[in-house]
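For reference, the structure is listed below as structure tokens.
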Amino acid sequence: MSTLPERPRNAQLRVLRSELLEAHRELGQLPARPGSDSLKALVAFRRLLESETGESALRCVEEILINLVGSENFVVLLAGRDNEMHVVGGTGDSVAHTRLTAPTLEVLHRSVARVVPLFVADTVVGALAIYELLPHRDPLNQNDDPVLMLLSRYAATIMMAAEHRHILGRAPMAEVA
Amino acid sequence: MSRKKILLVDDSPTAIQWQRMILENDPYDILIASNGEEGVRVARAAQPDLVLLDVMMPVMDGLAVLRELRSDVRFSRTPVLMVTTRSEMPSVLEAYQGGCNEYITKPVDRRELLTKVRGYLVDPETPHEHAA
């Protein structure tokens, strides 16, 4: 993902590491009972945390939206080094359209089913713009909240952490303390 | 009594994990293939009792897999449930004409999948439980 800084500052690494730990803690608390609304979130969480690169984490986000939410028309935006939002992924005709027009938040003024902010800690670093659901899908409802909230809370963290895995994995805690 | 074998064929690991999670509390052995060619290979080797088959896959799509299986006498009666994002009537008709037993749209609903799978795999001598 070319929009990420080549080497995050230590403070950013600390935030990523802390958020990753929080993600693992929350994963451990998700119930795995049959019938639980969180079952899809559990699958989404596990899949995201398996990602070994930023690119595979991004592909995972796309798979989650297709297979667990039911949309094939969405874009994934992340803030770049220029602090502008850039399309980094997505599927459907919205992707081509978004890349050809001004890749800023103005494109989100198109009709959307849902816009999900992507956070790292308490900072918005991107967004998921879901333009259309699959034709047979009911409108988004509270049953979709566990997966969408998970993506909002942790997807960007996991993508960035996976992108800098070689740093986060190697650096002893003392370097980023 | 031997456990029933279910073959999941899908190029999406997320779809596989979701379907697996839905089915894992029932007494099934789950087999996995991540593309159509592997699906045919695993089916021939393992003789599953039921196949959950994604339609849109690279190299060999689900309809081609379905044709391969139905052309093999060993699988002429094996329940094949297509699992797909495509809900348009032409796609549905093509799948049924190809010999599938059911057509399930993504995102897969837990209760729908359990009910349908149990319906095809129920042992007549075992009490049938409703999906929770």
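Numbered from 1 within each chain, the chains take letters A, B, ... in sequence-line order. In what follows, every heavy atom counts, from backbone to side chain, and hydrogens, waters and symmetry copies are set aside.
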Exercise. Within a radius of less than 6.0 Å around CZ of B:R74, do more than 12 heavy atoms belonging to other residues, nucleotides or ligands occur?
Worked result: yes
Exercise. How about B:Q17 and A:E63: does a side-chain donor come under 3.5 Å of a side-chain acceptor?
Worked result: no
For this session: Enter the distance from B:W18:CH2 to A:I64:CD1 here, rounded to the nearest 0.5 Å.
Result: 12.5 Å
Exercise. Going only through I, L, V, M, F, W and Y residues with side-chain contacts under 4.5 Å, is there a path from B:I16 to B:M60?
Worked result: no
Exercise. What about B:L8 and B:V117, same hydrophobic cluster or not, with Ile/Leu/Val/Met/Phe/Trp/Tyr joined at side-chain heavy-atom distances under 4.5 Å?
Worked result: yes
Exercise. If two hydrophobic side chains count as joined below 4.5 Å and joins carry through other members, does B:L113 share a cluster with B:V51?
Worked result: no
Exercise. Is B:L7 linked to B:I30 within one hydrophobic cluster, defined over Ile, Leu, Val, Met, Phe, Trp and Tyr using a side-chain heavy-atom separation of less than 4.5 Å?
Worked result: no
For this session: Check for a donor-acceptor pair, side chain of A:H136 on one end and backbone N or O of B:K106 on the other, with a separation under 3.5 Å.
Result: yes
Exercise. With a 4.5 angstrom heavy-atom cut-off, which part of B:V108 approaches chain A: side chain, backbone, both or neither?
Worked result: backbone
For this session: State, to 0.1 Å, how close B:S87 and A:P135 come at their nearest heavy-atom pair, and which atoms those are.
Result: OG-CG, 3.8 Å
Exercise. When rounded to the nearest 0.5 angstrom, what is the spacing between OG in B:S12 and CD in A:E62?
Worked result: 11.0 Å
Exercise. Under a 4.5 Å heavy-atom cut-off, does chain B meet the side chain of A:L134, its backbone, both or neither?
Worked result: side chain
For this session: Answer yes if the side chains of A:N67 and B:T14 hold a donor-acceptor pair under 3.5 Å, and no otherwise.
Result: no
Exercise. Is B:R86 close to A:E72 at the side-chain level, that is, under 4.5 Å between some pair of heavy atoms?
Worked result: yes
Exercise. Would a hydrophobic clustering, with Ile, Leu, Val, Met, Phe, Trp and Tyr connected at side-chain separations under 4.5 Å, put B:V42 with B:Y28?
Worked result: no
